[in-house]
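Please read all numbers here as calculations on a predicted model, not as lab measurements.
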Amino acid sequence: MTFAIVVDLEATCTDKNEFPREEMEIIEIGAVCLDSDNNVRDTFQTFIRPLKHPQLTEFCKELTTIKQTDVDLAYTFNTAMPQFLQWVKNVTGRNDYVFYSWGNFDKNIFRRQCIENNIDARIFLSKHRNAKSIFAEENRLKKEVGVVGALKIKKMEFMGTPHRADSDAHNIARLVSTLKERQ
């Protein structure tokens with residue numbers, strides 16, 4: 001049985017170049033585990049306290065609706081990421097799984113922060129599939145589209161709060177379940 005671990009992340013962000021893009025840090029992980037029949041087996045959500053830029057920008061708070069207290073009271077990446085990886089092992093029963101995200105941003109920021117924090121997530125990261133590219137190819141799109149655009153193509157409504165990792169992961173999971181490789 002191949003599980004799909006569908007992940008979305010929110011990260012520190014700015015609209016005024018208050019810090020470089022390579023200093024963005026994960027502030028929320030949202031994940032949905034789909035079984036081989038594309039049923040939701042389990043979900044995961046956690047906030048993460050950023051260390052490089054611990055004060056969220058006004059832009060970031062408005063975009064994500066994440067409050068400063070949400071991240072102030074959260075675990076750091078060093079604690080949260082191993083908890084997430086343990087959840088993946090528990091929910092899949094160490095069976096085969098594929099890690100999907102909408103684009104490569106999530107995989108790349110996971111990789112960077114794991115390297116910076118000496119966390120070995122190679123097994124997880126090696127199983128990544130870019131759902132955005134697969135969706136565009138399968139639907140013969142000339143250009144890749146965002147989650148909302150993809151949902152419209154499939155005649156689905158966005159559910160939840162945009163730019164929140166748990167809502168985005170659920171919506172991406174709905175799209176992943178339509179991919180031919182998941183049929």
Side-chain angles (χ1 to χ4, degrees), residues 4-33 43-68 70-89 91-92 97-136 144-148 150 160-173 175-176:
I5 303 295
V6 182
V7 179
D8 187 72
L9 306 173
E10 299 307 323
T12 54
C13 53
T14 176
D15 63 341
K16 296 179 180 159
N17 296 323
E18 292 152 296
F19 53 85
R21 185 171 173 82
E22 59 273 6
E23 289 184 11
M24 292 173 73
E25 295 174 89
I26 299 167
I27 56 173
E28 184 184 22
I29 299 173
V32 174
C33 176
T43 61
F44 179 92
Q45 186 278 335
T46 192
F47 292 112
I48 299 174
R49 182 167 27 100
L51 299 176
K52 292 176 185 171
H53 302 281
Q55 216 43 49
L56 298 180
T57 64
E58 287 304 313
F59 172 78
C60 189
K61 290 187 280 190
E62 287 175 26
L63 178 69
T64 65
T65 71
I66 295 173
K67 298 175 185 73
Q68 186 65 47
D70 293 332
V71 295
D72 286 346
L73 300 172
Y75 291 117
T76 63
F77 185 81
N78 266 347
T79 301
M81 187 62 180
Q83 289 174 345
F84 171 65
L85 293 173
Q86 187 60 52
W87 173 80
V88 171
K89 287 179 188 175
V91 76
T92 62
Y97 65 87
V98 178
F99 153 41
Y100 289 92
S101 68
W102 202 257
N104 287 322
F105 173 82
D106 304 270
K107 176 189 75 168
N108 293 337
I109 195 168
F110 263 145
R111 176 180 288 124
R112 181 177 53 77
Q113 282 199 246
C114 284
I115 290 168
E116 290 173 358
N117 290 279
N118 294 317
I119 296 171
D120 186 0
R122 287 176 294 186
I123 185 105
F124 176 72
L125 295 169
S126 69
K127 299 177 181 217
H128 180 258
R129 303 280 289 149
N130 181 336
K132 185 179 191 178
S133 294
I134 298 166
F135 183 89
E144 293 179 351
V145 295
V147 173
V148 172
T161 305
H163 302 292
R164 283 301 304 273
D166 54 346
S167 292
D168 288 348
H170 277 89
N171 285 290
I172 296 165
L175 292 166
V176 165

With His128 via ring-ring contact (aromatic ring centres under 6.0 Å, His included) - residues at least two apart: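 Here the qualifying residues are Phe99.
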Contacts of type ring-ring contact (aromatic ring centres under 6.0 Å, His included), residue Phe19, not counting sequence neighbours: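 ring-ring contact (aromatic ring centres under 6.0 Å, His included) check on Phe19 returns His53.
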Any [X] side-chain heavy atom under 4.5 Å of [Y] side chain:
X	Y	result
Trp102	Asn130	no
Phe84	Thr46	no
Thr12	Thr57	no
Thr65	His163	no
Tyr100	Lys132	no
His170	Val6	no

Please give me the minimum heavy-atom distance between [X] and [Y], naming the atom from each residue.
X	Y	result
Ile26	Ile29	CG2-CG1, 4.0 Å
Cys60	Ile27	SG-CD1, 3.8 Å
Ala4	Val176	CB-CG1, 4.5 Å

Any residue meeting side-chain contact (heavy atoms from CB on, under 4.5 Å) with Val145, in chain and number order, not counting sequence neighbours: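 Phe135, Leu141, Ala150, Ile153.
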side-chain contact (heavy atoms from CB on, under 4.5 Å) against Val91, all qualifying residues, sequence neighbours excluded: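 Per chain and number, Val91 pairs via side-chain contact (heavy atoms from CB on, under 4.5 Å) with Ile5, Cys33, Arg41, Asp42, Trp87.
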Atom pair [atom1]/[atom2] of [X] and [Y] - distance to nearest 0.5 Å:
X	Y	atom1	atom2	answer
Asp168	Ser101	CG	OG	12.0 Å
Cys13	Met24	SG	CE	6.0 Å
Glu10	Ile109	CD	CD1	10.5 Å

Residue of the set Leu9, Ile115, Ile119 for which side chain to side chain contact (heavy atoms under 4.5 Å, CB included) holds with Phe110: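 Testing Phe110 for a side chain to side chain contact (heavy atoms under 4.5 Å, CB included) against Leu9, Ile115, Ile119 leaves exactly one candidate, Leu9.
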With a cut-off of 3.5 Å and sequence neighbours excluded, list every side-chain donor-acceptor pair involving residues 70-83.
unit_1	atom_1	unit_2	atom_2	d
Asp70	OD2	Lys67	N	2.9
Asp72	OD1	Gln68	NE2	2.9

Side-chain donor/acceptor of Ser167 to backbone N/O of Gly160, under 3.5 Å: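 Such a contact is absent between Ser167 side chain and Gly160 backbone.
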By side chain to side chain donor-acceptor pair (under 3.5 Å) - contacts of Asp8 (at least two apart):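 Expected list: none.
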Test side chain to side chain donor-acceptor pair (under 3.5 Å) applied to Asp120 - qualifying residues, sequence neighbours left out: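 So Asp120 forms a side chain to side chain donor-acceptor pair (under 3.5 Å) with Arg122.
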Ile66 and Lys61: CA distance, side-chain angles, deciding distance, side-chain contact (heavy atoms from CB on, under 4.5 Å) verdict: CA-CA 5 Å; Ile66 295 173; Lys61 290 187 280 190; over 6 Å; no
Output every pair passing salt bridge (Lys or Arg N to Asp or Glu O under 4.0 Å) with a member in [range], not counting sequence neighbours, ordered by first then second residue.
range	value
residues 11-28	Glu28-Arg164
residues 45-56	Lys52-Glu116
residues 100-110	none

Partner residues of Lys127 under the salt bridge (charged side-chain N to carboxylate O under 4.0 Å, His left out) criterion, sequence neighbours left out: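 Counting only residues at least two positions away or on another chain, Lys127 forms a salt bridge (charged side-chain N to carboxylate O under 4.0 Å, His left out) with Asp96.
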Test log, rule side-chain contact (heavy atoms from CB on, under 4.5 Å), inputs Val88 and Phe124: CA-CA 9 Å; Val88 171; Phe124 176 72; 4.2 Å; yes
